[in-house]
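Step one of this worksheet: look at the structure below.
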Protein chains: 2
Amino acid sequence: MNSKPLLDYIKRYVNLTKEEESLLISKVSYRKYLKNQYIVQQGDICKITGFILSGCTKTFYLDESGQEHIVLFAIEEWWTSDMGSYISQSPADFNVQCIENTELIQFSYDTNEELLLKIPKLERFFRKIVERALVSSQKRIIRNFSLTAKEQYIQFKELYPTIEKRVPQYMVASYLGITKEFLSKIKSQLILEQ
Amino acid sequence: MNSKPLLDYIKRYVNLTKEEESLLISKVSYRKYLKNQYIVQQGDICKITGFILSGCTKTFYLDESGQEHIVLFAIEEWWTSDMGSYISQSPADFNVQCIENTELIQFSYDTNEELLLKIPKLERFFRKIVERALVSSQKRIIRNFSLTAKEQYIQFKELYPTIEKRVPQYMVASYLGITKEFLSKIKSQLILEQ
DNA sequence: AAATGATGTTAATCTAGTTTAACATTTATT
DNA sequence: AATAAATGTTAAACTAGATTAACATCATTT
């Protein structure tokens, strides 16, 4: 397992000693998922939060009519899980599925408690991570309300250019909350305009 | 200042000693806002996070055309601030305004750092608070995508019955992302249906 | 009690985005 | 190379929700 990306990432928020770093690494696990595999399924108790070493995942909700609504994508150096299910160990509302083969460093709910007690600095680290996730989530709500679908698509490309190139278009449409047909129309409009 | 509601609230997440409690109380401040006063304005650097002792606030975004989009309401025992601005001390995207006269216990950005160093348990406390806020925010995104306006309104009433009764209807419409006229139509439909 | 401003309603017209369905293109599998 | 599966496009008919505008009701101030 290549733990450097995770340790570098943590370093941006808190400074761990060498001992703390190796304790941390001894308590997490590495796992490889194949494209299309599920990390969490709606209804499961989400046992892990994963730090992505490589790959790409989508977190989505299936509604009554079986339609898929993507809440967020995650790529290298992002975190992936059903946060609600993980923190309260209750059945997941969301599915997390790999869009590409994906390598994770997994923090399991059971051992994480122990880790936080031994390295209290990690409380601060996770607080900061979650704060940033909350900010993105609130901004997403606003974009949704105050922009047309076309404007949202333009912003999405600016905010997440790599993701836009890596995931199929119909998933981008689902993330934006529109149909794939309408996104297709928007794209052809944008081509005509320029 | 009546600090009991805050201390009781904290007790649900972490246990503080009497000394820690009094240190905490010595580092926060009490403030009363009148109805319609702003706690934060778009563009300000948000210096505080407030715990609501009494009253009600709305956090909203003003778009290009001057339209107001409400991200969230907050009432007693909830937290209110522009999280993005507070955590990165950058200009606020949102306004926070009082819908009623509102009493806050304010945690200021500058003294909070000191407080967290002296009472590391608070890192955990704030992490848990933010985690819960993130979960609500993600659920809100999903409701928005997978429900019709009518369904959203019904869920809103179930989730936040007190808020629905306390705030004017046009603000509920703004929160739901629809016009006040359409909410009015929905309400009259619901009356006919029952 | 009159007047002003804030909040809520109704109805007609309009539009952004959906639905359906047929077809085109790209990618993976044999 | 041929076939199947997945992804993307186009266009017509449709609908949820927006816009406009006129009016109704409630609350606050003088």
Side-chain angles (χ1 to χ4, degrees), chain A residues 34-37 56 58 60 63-70 73 97-101 141-157 163-194, chain B residues 34-37 56 58 60 62-70 73 97-101 141 143-157 163-194:
Chain A
L34 295 176
K35 181 175 171 173
N36 293 327
Q37 276 191 310
C56 181
K58 61 177 175 181
F60 66 98
D63 70 18
E64 318 285 78
S65 65
Q67 258 224 300
E68 182 174 313
H69 303 278
I70 297 180
F73 294 110
Q97 190 182 13
C98 298
I99 302 176
E100 302 171 359
N101 292 345
I141 291 171
I142 285 309
R143 266 179 264 132
N144 236 260
F145 280 148
S146 55
L147 303 179
T148 62
K150 195 192 223 170
E151 291 166 334
Q152 279 184 66
Y153 173 63
I154 294 168
Q155 283 217 5
F156 177 76
K157 284 210 296 186
I163 294 178
E164 210 262 329
K165 272 158 212 143
R166 279 164 80 166
V167 311
Q169 197 170 306
Y170 70 89
M171 289 188 195
V172 174
S174 166
Y175 178 88
L176 296 176
I178 60 178
T179 57
K180 62 192 196 336
E181 290 84 357
F182 192 52
L183 179 54
S184 187
K185 197 170 173 182
I186 288 171
K187 286 186 82 168
S188 63
Q189 274 175 23
L190 287 172
I191 289 164
L192 287 177
E193 278 169 25
Q194 47 142 43
Chain B
L34 295 175
K35 180 174 172 176
N36 292 326
Q37 277 191 311
C56 180
K58 61 177 175 181
F60 65 97
L62 283 177
D63 69 19
E64 318 285 78
S65 65
Q67 259 224 301
E68 182 175 314
H69 302 277
I70 297 180
F73 294 110
Q97 191 182 12
C98 299
I99 302 176
E100 303 170 359
N101 292 344
I141 292 172
R143 266 180 264 131
N144 237 263
F145 280 149
S146 55
L147 302 180
T148 63
K150 194 191 223 168
E151 292 166 333
Q152 279 184 66
Y153 173 62
I154 294 169
Q155 283 219 4
F156 176 77
K157 283 209 296 184
I163 294 178
E164 210 261 330
K165 271 157 212 146
R166 279 164 82 165
V167 311
Q169 197 170 304
Y170 71 89
M171 290 189 195
V172 175
S174 166
Y175 177 88
L176 296 176
I178 60 178
T179 58
K180 62 191 193 344
E181 290 85 357
F182 192 54
L183 179 52
S184 189
K185 196 169 171 181
I186 288 171
K187 285 186 82 168
S188 63
Q189 273 175 27
L190 287 174
I191 289 165
L192 287 178
E193 278 169 23
Q194 47 141 45

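Not measured: the values here are computed from a predicted model. Values below: all heavy atoms of this structure, side chains included; hydrogens, waters and symmetry mates excluded. In what follows, every chain begins at residue 1, and chains take the letters A, B, ... in the order their sequences are listed.
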* Asked: Side-chain donor-acceptor pair under 3.5 Å between B:Gln189 and B:Lys150, yes or no?
  -> yes
* Presence of salt bridge, B:Lys58 and B:Glu68, under 4.0 angstrom -> yes
* C:dG17, D:dG8, C:dT7: which one has an atom nearest the side-chain heavy atoms of A:Pro168? -> D:dG8
* For A:Lys185 and D:dA13, give me the distance from atom NZ to atom P, rounded to whole Å. => 13 Å
* To do: Please state how far atom NE2 in B:His69 lies from atom C1' in D:dG17, giving the value in whole angstrom units.
  => 15 Å
* Asked: Which nucleotide in the set D:dT9, C:dG8, C:dG17 lies at the smallest distance from any side-chain heavy atom of B:Tyr170?
  -> C:dG8
* Structure fact -> Between A:Ile186 and B:Leu183, the residue closer to the 5' end of DNA chain C by nearest nucleotide is B:Leu183
* Side chain of B:Phe182 only, please: which of D:dT10, C:dT7, D:dA16 is the nearest? => D:dA16
* **Gap between atoms NZ and P, on A:Lys35 and C:dT27 respectively (whole Å)** => 11 Å
* Asked: What do you reckon, is CD of A:Glu64 surrounded by more than 12 foreign heavy atoms closer than 6.0 Å?
  -> no
* **Straight-line distance of A:Glu164 CD to A:Phe156 CZ, nearest 0.5 Å** => 6.5 Å
* Side chains of B:Cys56 and B:Glu100: does their closest heavy-atom pair fall under 4.5 Å? -> yes
* Can you tell me how far P of C:dA24 sits from NZ of A:Lys187, to the nearest Å? -> 20 Å
* To do: May I ask you to verify if any side-chain N or O of A:Gln169 is less than 4.0 angstrom from the OP1 or OP2 atom of D:dT9?
  => yes
* Is A:Thr179 near enough to C:dT18 that one of its side-chain N or O atoms lies under 4.0 angstrom from OP1 or OP2? -> yes
* Once you round it to whole Å, what is the distance between P of C:dG17 and CG of A:Asn144? -> 11 Å
* **Nearest-Å distance for atom pair OH/P, residues A:Tyr153 and C:dG17** => 15 Å
* A:Ile99 CD1 to D:dA6 P: how many Å, rounded? -> 16 Å
* **For atom CD of B:Gln189 and atom P of C:dA11, their distance in whole Å** => 12 Å
* Asked: Taking the side chain of A:Glu181 as its heavy atoms from C-beta onward, which of C:dG17, D:dA18, D:dT10 lies nearest to it?
  -> D:dT10
